[in-house]
K.L.:
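My questions all concern the structure below.
Naming: A, B, ... by sequence-line order, numbering from 1 per chain.
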There are 2 protein chains.
Amino acid sequence: MDLVRRTIERYVPLRTDEWERIAPRWAEHAFSKGAAVCAVGQVEERFYIVKSGVQRLSFPHDGQDVCVGFAYDGSWCGEYASFISRRPARFDVVALTDSVLVGIGHDDLQRLYAEVPVMERFGRLIMEELLLGRATREIEQMSLSAEERYDRLMARSPHLLQLVPQKDIASYLRMTPETFSRLRRRH
Amino acid sequence: MDLVRRTIERYVPLRTDEWERIAPRWAEHAFSKGAAVCAVGQVEERFYIVKSGVQRLSFPHDGQDVCVGFAYDGSWCGEYASFISRRPARFDVVALTDSVLVGIGHDDLQRLYAEVPVMERFGRLIMEELLLGRATREIEQMSLSAEERYDRLMARSPHLLQLVPQKDIASYLRMTPETFSRLRRRH
DNA sequence: GAGCGCGCTTGATCCACATCAAGAACGGTC
DNA sequence: GACCGTTCTTGATGTGGATCAAGCGCGCTC
């Protein structure tokens with residue numbers, strides 16, 4: 001629970017009375033390796049903070065899973081788009097390792113938005129942050145070659161290689177496992 | 001000014017006293033064809049609603065402009081990422097036609113967020129909407145072939161072809177003007 | 001520890017789209 | 001209305017990365 005408070009306070013200060021209204025809305029959810037946090041077609045009911053484990057965000061495209069992101073310790077997790085829009089998820093969220101997520105239900109969050117003004121700001125700041133991340137990824141996806149995308153990821157997040165299967169990283173970098181393997185050999 | 005009120009009220013209801021605090025913060029800005037609304041390297045000072053005209057969002061990549069979006073009547077405009085983060089813009093925003101934008105300055109908006117609670121919600125809802133749009137675009141960019149992306153755009157926004165140069169649409173669809181031209185011939 | 005499935009590697013081949021090149025059809029401007 | 005820069009078209013050629021096809025290694029389960 002302390003994780004939730006620390007996380008929110010990275011964005012907005014919390015008075016004790018505010019925190020007391022917020023805390024009871026969050027709950028831990030455990031997922032074992034391979035389990036679906038959210039599956040295409042269902043409506044995402046929760047917004048999560050990762051307590052432990054690694055999760056993959058992907059969407060299915062003719063038999064393949066196209067990976068668009070990962071979540072791990074301290075980052076946000078869930079199918080945000082479905083959570084926000086209340087429409088069926090277009091992405092899958094899968095636990096790549098045993099995971100513990102701390103989540104808040106959609107209705108609970110809406111109630112907090114209405115009851116605790118500072119939460120509305122927190123919500124805005126998160127959405128801004130997620131949007132910024134997407135802008136960065138968009139530039140990289142659009143302007144870099146397969147090899148440059150590989151180099152960039154290895155420079156920024158080399159630990160990913162230890163955490164998740166290479167085929168998922170390959171997909172995330174918009175290339176086949178074969179190409180990824182060849183790039184790796186050529187350093 | 002009415003445009004601003006109607007736009008905000010698509011997201012949140014406004015009482016008269018709230019609107020009276022909001023209205024004076026917005027101002028019209030005219031840009032003639034080809035003018036830069038925001039250029040790479042400068043910090044975006046305003047967030048705009050398009051009153052008239054068409055604008056292009058792009059980033060430069062070895063001598064080329066890679067187009068990532070368009071704005072027109074009623075849509076949002078500006079280099080959001082820079083506006084939010086207060087960091088130098090990585091995208092250019094250019095008026096493709098003579099344009100009138102209604103904008104609010106960064107500091108003014110922050111003040112409204114603090115003074116008018118309903119604006120904080122408005123801000124969150126806009127960010128959610130922009131994030132949803134990016135998610136949709138990401139799926140389409142990642143999973144569709146050049147031809148499918150062409151078909152999808154022509155089905156959804158055929159009017160774009162009248163509004164903006166084909167080379168910009170081609171770039172937006174992640175293909176060369178030559179490929180775009182050939183797809184057009186084959187219907 | 002035998003058998004099996006899946007992920008990773010490595011090589012050979014293929015193809016969608018880019019690049020290069022050269023006209024043709026526009027505007028704008030003097 | 002002649003000039004010029006830009007955009008659009010059309011054809012010929014090139015290529016990065018995908019696809020196809022084996023083999024290999026490692027962790028399961030029985």
K.L.:
Of D168(A) and R149(B), whose closest DNA chain C nucleotide lies nearer the 5' terminus?
P.N.:
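First, find each residue's nearest nucleotide; the 5'-ward one identifies D168(A).
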K.L.:
Check this one for me: any side-chain N or O of R185(A) less than 4.0 Å away from OP1 or OP2 of dG11(C)?
P.N.:
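Affirmative; the distance criterion is met.
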K.L.:
Can you name the nearest heavy-atom pair linking Y150(B) to L173(B), along with the distance?
P.N.:
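Distance-wise, the nearest heavy atoms are CA-CD1, 3.9 Å.
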K.L.:
If only side-chain N and O atoms of T176(A) are considered, is one of them under 4.0 Å from the OP1 or OP2 phosphate oxygen of dA18(D)?
P.N.:
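It does, given that an N or O in the side chain of T176(A) lies less than 4.0 Å from OP1 or OP2 of dA18(D).
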K.L.:
Starting at CD1 of I169(B) and ending at P of dT7(D), how long is that distance when rounded to a whole Å?
P.N.:
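Taking CD1 of I169(B) and P of dT7(D), I get 13 Å after rounding.
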K.L.:
I want to verify a distance call: between dT7(D), dA18(D), dT9(D), whose nearest atom is closest to the R184(B) side chain?
P.N.:
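Of dT7(D), dA18(D), dT9(D), dT9(D) is nearest to the side chain of R184(B).
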K.L.:
Taking atom P of dA18(C) as reference, at what distance in whole Å does atom CE of M142(A) sit?
P.N.:
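That distance rounds to 13 Å.
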K.L.:
Could you check how far CG of L161(B) sits from P of dT7(D), rounded to whole Å?
P.N.:
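Interatomic distance, CG of L161(B) to P of dT7(D): 15 Å.
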K.L.:
Rounded to whole Å, please give me the gap between CD in E178(A) and C1' in dG17(D).
P.N.:
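Distance check: E178(A) CD to dG17(D) C1' gives 10 Å.
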K.L.:
When the distance from CZ of R186(B) to C1' of dT9(D) is rounded to whole Å, what number comes out?
P.N.:
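Roughly 13 Å, once rounded to whole Å.
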K.L.:
State whether T179(B) places a side-chain N or O below 4.0 Å from either non-bridging phosphate oxygen (OP1 or OP2) of dA18(C).
P.N.:
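Result: yes.
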K.L.:
Under 6.0 Å from the ring centre and within 45 degrees of the ring axis: does the NZ or CZ of R137(B) meet both conditions for the six-membered ring of Y172(B)?
P.N.:
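Yes.
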K.L.:
Tell whether E147(B) reaches the base of dC17(C) with its side chain through a donor-acceptor pair below 3.5 angstrom.
P.N.:
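No pair found.
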K.L.:
Kindly confirm or rule out a cation-pi arrangement of R121(B) over Y11(B), judged by NZ or CZ under 6.0 Å from the six-membered ring centre and within 45° of its axis?
P.N.:
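Judged by the rule (NZ or CZ under 6.0 Å from the ring centre, within 45° of its axis), R121(B) is not positioned above Y11(B).
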K.L.:
Starting at atom CD of Q166(A), determine the distance to atom C1' of dT10(C), rounded to an integer number of angstrom.
P.N.:
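These atoms are roughly 14 Å apart.
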K.L.:
Given the rule in the salt bridge (charged side-chain N to carboxylate O under 4.0 Å, His left out) test, do D108(B) and R111(B) qualify, once you have shown the distances and angles that lead to the verdict?
P.N.:
CA-CA 5 Å; D108(B) 280 328; R111(B) 229 166 277 136; 3.3 Å; yes
K.L.:
Can you see if the side chain of R182(B) gets near the phosphate of dT10(D) - specifically, an N or O under 4.0 Å from OP1 or OP2?
P.N.:
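It does not, given that no N or O in the side chain of R182(B) lies less than 4.0 Å from OP1 or OP2 of dT10(D).
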K.L.:
When the distance from CD of Q162(A) to P of dC8(C) is rounded to whole Å, what number comes out?
P.N.:
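The answer, rounded to whole Å, is 13 Å.
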K.L.:
Just the rounded figure in Å: distance from C1' of dA18(D) to CD of Q64(A).
P.N.:
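Going from CD in Q64(A) over to C1' in dA18(D) covers 11 Å.
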K.L.:
Can a salt bridge be assigned to the pair R86(B) and E45(B) using a cut-off of 4.0 Å between side-chain N and carboxylate O?
P.N.:
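A salt bridge links R86(B) with E45(B).
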